Student: 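Below you will find the structure I want to go over with you.
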Amino acid sequence: MTRIQGSGWVGLLLVLMWLLVALFGPMLAHYEVGAIVAPDVFERMGGAHFLGSDYLGRDVLSRLMNGARFTVGLSFGAALLASASGASLALFSAISGRWIDETVSRLMDALISIPGKILALVIVAAFGSSMLLLLLIAAISYMPGAFRIARSLAVNLNQMDYVQVARARGEGRVHIAIFEILPNMIHPLLADFGLRFVFVVLLLSGLSFLGLGVQPPDADLGSLVRENISGLSEAAPAIIAPAMAIATLTIGVNLLIDSLASGGRSVTDEAQR
Amino acid sequence: MSKYSNDPDMERRRILQAVAVTGLTATLGGVLVHPGAVQAATPRQGGRIRVASLSSSIADTLDPAKGSLSTDYARHYMLYSGLTQYDTDLAAQPALATSLESDDQIHWTIKIRADVQFHNGKSLTSADVVYSLLRHKDPAVASKMAAIAEQFSEIKVTGPLELTMRLSGPNADLPVILADSHFLVVPDGTTEFRTANGTGPYRLKSFQPGIRTVVIRNENYWKPGRPYIDEIELIGIPDETSRVNALLSGDVQLISAVNPRQTRRIHATDTHKVVETKSGLYTDLIMRADSHPTSNPDFVLAMKYLLNRNLIKKALFRGYAEIGNDHPIAPSDRYFSPDLPQREYDPDLAKYHLQKSGLAGVRIPMYASPAAPGSVDTASLLQEAASRIGLKLAVNRVPADGYWSNHWMKHPLGFGNINPRPTADLKFSLFFKSDAPWNVSGWVNHQFDELVVAARAESDEQKRRQMYADMQEIVHTKCGVGIPVFISLLDAHDARIKGLGSIPIGGLMGYSFADHIWLVD
Amino acid sequence: MLMILVAKRILIAAFTLLLVSFVIFAITSLLPGDAAQELLGQSATPEIVAELREQLGLNQPAHIRYLNWLGGLLTGDPGTSMVSNMPVKDIIGERLPKSLILAGLTAAVSVPLALLIGILSAMYRDSRLDRALNVVTLSMIAVPEFLVATIAVIVFAVQLRWLPSITIVSPDASFGELARAYALPVMTLCFVVVAQMARMTRAAVINQLDSSYVEMAILKGARPTRIALQHALPNAIGPIVNAIALSLSYLLGGAIIVETIFNYPGVASLMVNAVTSRDMPLLQACAMIFSGAYLLMVLIADIVAIISNPKLRHQ
């Protein structure tokens, strides 16, 4: 069922590459992330700086290798947090009584209906900007989506024969949730997790447009695109490179997930936000 | 000289971020040529433009007393006139007032221009002026100039076109103060500003807060022959890239607050031009004297030596800046002291002072925000330079939203931004005097305070020049404020717009472009 | 049956809105500074701030302000904007239609496009066309929205000069001018939502194509087009409509970046304005609109799903 094939391999390769960059990039980067090393701004590719220089004359390659870990790490962390908390809440909600279920569901509806970027603006204005906060904002923004999917899965599974059998056996609710329902949700949840990862990457780059992101001189991939936007009209590598980085990262994750999920039932129809 | 207490208009700094470009696709036809307007340099009448400045929100107002952003100032200067107006050196020139006279700088007699009409046809009298000035003292008006207006002890009508003012202390700068957009003149008794009934060059056609202001030429303007353009639409485009794109695509004809990085694109065309206005605008590094570790004088010196001024000028501002010397008087200012040696980037000296301060290896947070233009990148450069001499600066970028009330001057190490002020006295007394509310570094220097007061009262120009030179030296050596560069104001316009000069109080010709520009084919 | 369901959902929606208003109020009351301070900026002297607080009613305790606001809302009056001193109704009345036009145009373009792409991909699953469309939609998701918008402006407005770079529509604009003005923002928003909807449509249709009744149809020798359109599609309508609803609800609040770049005066930028100026009544009104739009979309999706699938009606 989880056989990888065709484009899935491409995806796997891209994902692995970005994982490696995220892990070892900072060590391999040739220049300090904040150092102005080029005589001119928006230099072309090649020469002393493989990917040219950015809007201040900093080395783009070094900044990219430094920034990847924020995007990969933050997105991974936030997606994991969103999926895990969403799924747990969904399980809890599904096995609990009707009132708790209704209340939790409405709370999630309330959360999902506030636009994520604006929520982020308010929260950052209230609490200041930090990595942890960005992670939490992204997690909170995508948790209700994970909840919706997991809950619909859990509700369906709850009606399955083997769950009814277990219930007839006299197993406790928690036991049923963990040992009967959860194992059968893992696969679609995994696929959903991948999608959430992509959404978080995009949310973070959207937030960088609104001026929220990791603290300088570091910059995540989205911020790298944003800060070099004035180089767009001269097609500077300083903006093309990070944009390509985001594209390959998200496409890679998508391809990998598509090939993983194609065996199981699609969950994509629920996976919005 | 004069005394000003407070200029409350800090919001003006936000102008720098916000760019408002207004304008409809200009219909350049239908130009009415004045008889005798033959030479190309002669202004001609007609046309329609859209101008974009940097900000626009539902807080946009037609009440001059409430103006808080560049778009407000530009709008108000189109619709209203003041008693005086700035010239290109920021000296006051007569406008609605034909003369302002005083023997002691306390009692002033102001004569009002005759035959000036408001847009609704009512004639201007001294009662209108008295009302316009006194309303700033009414808390219910919530004027931005309330603090400055406190010095207006008494204002009385002494004739249909004459009034007298008594100030709480001598202030030779009163004529300059009155050129500020907040003191523009409205009709006596006005509490409702929706029609913007002023005496300015343009009348209001439509106004939608946060969206647009459209004005049409005032045929009865008191300056004969002016203004030149038939209709102006003023909008705000907060996103700086969008603003330049709107100019280059021809959707607007004039924009303010151009990011220096974008000038390359504008220079590459032959249809658009950049106007640089050297100004007293600066973004400063603030080291509070009342907190640790920034109260340590060696730490302050180390930080000042770490500011790579040439690099900041070149990399951040593309050369559109003047090197600063850690005091608020720009090289283009007439009171600039050329004798004070220029402080240079010197990592060795910085390291020496850092070690002397005993703070090597300490980790210190540093607050920067897009609210203070250039501060985030300057912080980034400082962080890098500091790491080389064993000082760890942790850059804390915070959102522009709420920066001035929540962060500015509230951290030991942070950035601020000060808009151009018309006089040297204001530059020192507002931000450096020990008892000033915006004594940004929180320092106390009695010698400096005495000099500020003495210079204000000094009538001998030579002596005053020397006093200002002394003040520059004291701030340069002892104050916890680092001023790396003075930032030029950059406007850009369609090459068919003529007559756009520089008034260094703000962009768009000191916000008063509408009074001066014209269009050619 | 359907009526009862709708009535029940509307009740639940009202409860959710109440919850949202409370959450928004709670979060924003944590924000440093209030409307009086933000309005006065640095020129705030204590007396003037106090006076303005009095005028704005900010000196009342938070829960009283919340209840006042709620009471006003229930009687149909969302209050007065603190910053502009205009009725919230008027401000929203100015901006909401603009947002709805933008969202409506985007929906009109993106929904058919997404359906076409999704159904085609599903019908020719694993073909070269499917893979090509897959890469196209993936790439569309993968580019940050602000980059798409900026590239579009540079190419179509600055270089080619075909289209305006900012959306300024005068009240007396002709249809041609309108179309030109909206072209770039609609294009950008389509970029964002089409990919999502197309991929979900594909998944939903494929889901049905794999089911036993479709296999029966194939065994009976029906043509692929016929199978897709007559058998699979009707049954996939539920999930598809759900996906469309969710994507479209993004168009109001999520348009903030497009509104910023094209200087479009919609509700999303209004809400950001309200946040920065601490204009509570306006902020609450915007939040209610976004939540309301979302809940309405979901409700419509549910109703369509039920109508299209009679089995659900009896659950």
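So you know, we letter chains A, B, ... as the sequences are listed, proteins then strands, and number each from 1. These figures come from a predicted structure and were not determined experimentally.
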Student: Measure the acute angle between the ring planes of Tyr66(C) and Phe22(C), then classify it against the limits of 30° and 60° as parallel, tilted or perpendicular.
Tutor: perpendicular
Student: When heavy-atom pairs shorter than 4.5 Å are enumerated against chain C, which of Asn245(B), Leu248(B), Thr269(B) gives the highest number?
Tutor: Asn245(B)
Student: Do Arg135(B) and Asp138(B) meet the salt-bridge criterion of a basic N to acidic O distance under 4.0 Å?
Tutor: no
Student: Given a strict heavy-atom distance threshold of 4.5 Å, which part of Ser269(C) is in contact with chain B: side chain, backbone, both, or neither?
Tutor: neither
Student: Under a 4.5 Å heavy-atom cut-off, does chain B meet the side chain of Val158(C), its backbone, both or neither?
Tutor: both
Student: Just say parallel, tilted or perpendicular for the rings of Tyr182(C) and Tyr264(C), cut-offs at 30° and 60°.
Tutor: perpendicular
Student: Aromatic ring centroids of Phe415(B) and Tyr403(B) under 6.0 Å?
Tutor: no
Student: For Pro164(C), is it the side chain, the backbone, both, or neither that has a heavy atom closer than 4.5 Å to a heavy atom of chain B?
Tutor: both
Student: Measure distances from Ile261(C) to the heavy atoms of chain B and classify the residue's part below 4.5 Å as side chain, backbone, both or neither.
Tutor: both
Student: With under 30° as parallel and over 60° as perpendicular, where do the rings of His411(B) and Tyr367(B) fit, or are they tilted in between?
Tutor: parallel
Student: Heavy-atom cut-off 4.5 Å, strictly under: side chain, backbone, both or neither for Ser57(B) against chain C?
Tutor: both
Student: Contact part of Thr260(C) toward chain B, heavy-atom cut-off under 4.5 Å: side chain, backbone, both or neither?
Tutor: both
Student: Identify which part of Glu94(C) has an atom lying under 4.5 Å from any heavy atom of chain B, answering side chain, backbone, both or neither.
Tutor: side chain
Student: So which of Glu54(C), Arg278(C), Met86(C), Met82(C) has the largest heavy-atom pair count under 4.5 angstrom toward chain B?
Tutor: Arg278(C)
Student: Which answer fits Leu282(C), side chain, backbone, both or neither, if we ask what part of it has an atom under 4.5 Å from a heavy atom of chain B?
Tutor: side chain
Student: Can you see whether Asp251(B) engages Ser249(B) through a side-chain donor-acceptor pair at a distance of less than 3.5 angstrom?
Tutor: yes
Student: State the CG-CZ distance between Leu62(B) and Phe207(B), to the nearest 0.5 angstrom.
Tutor: 4.0 Å
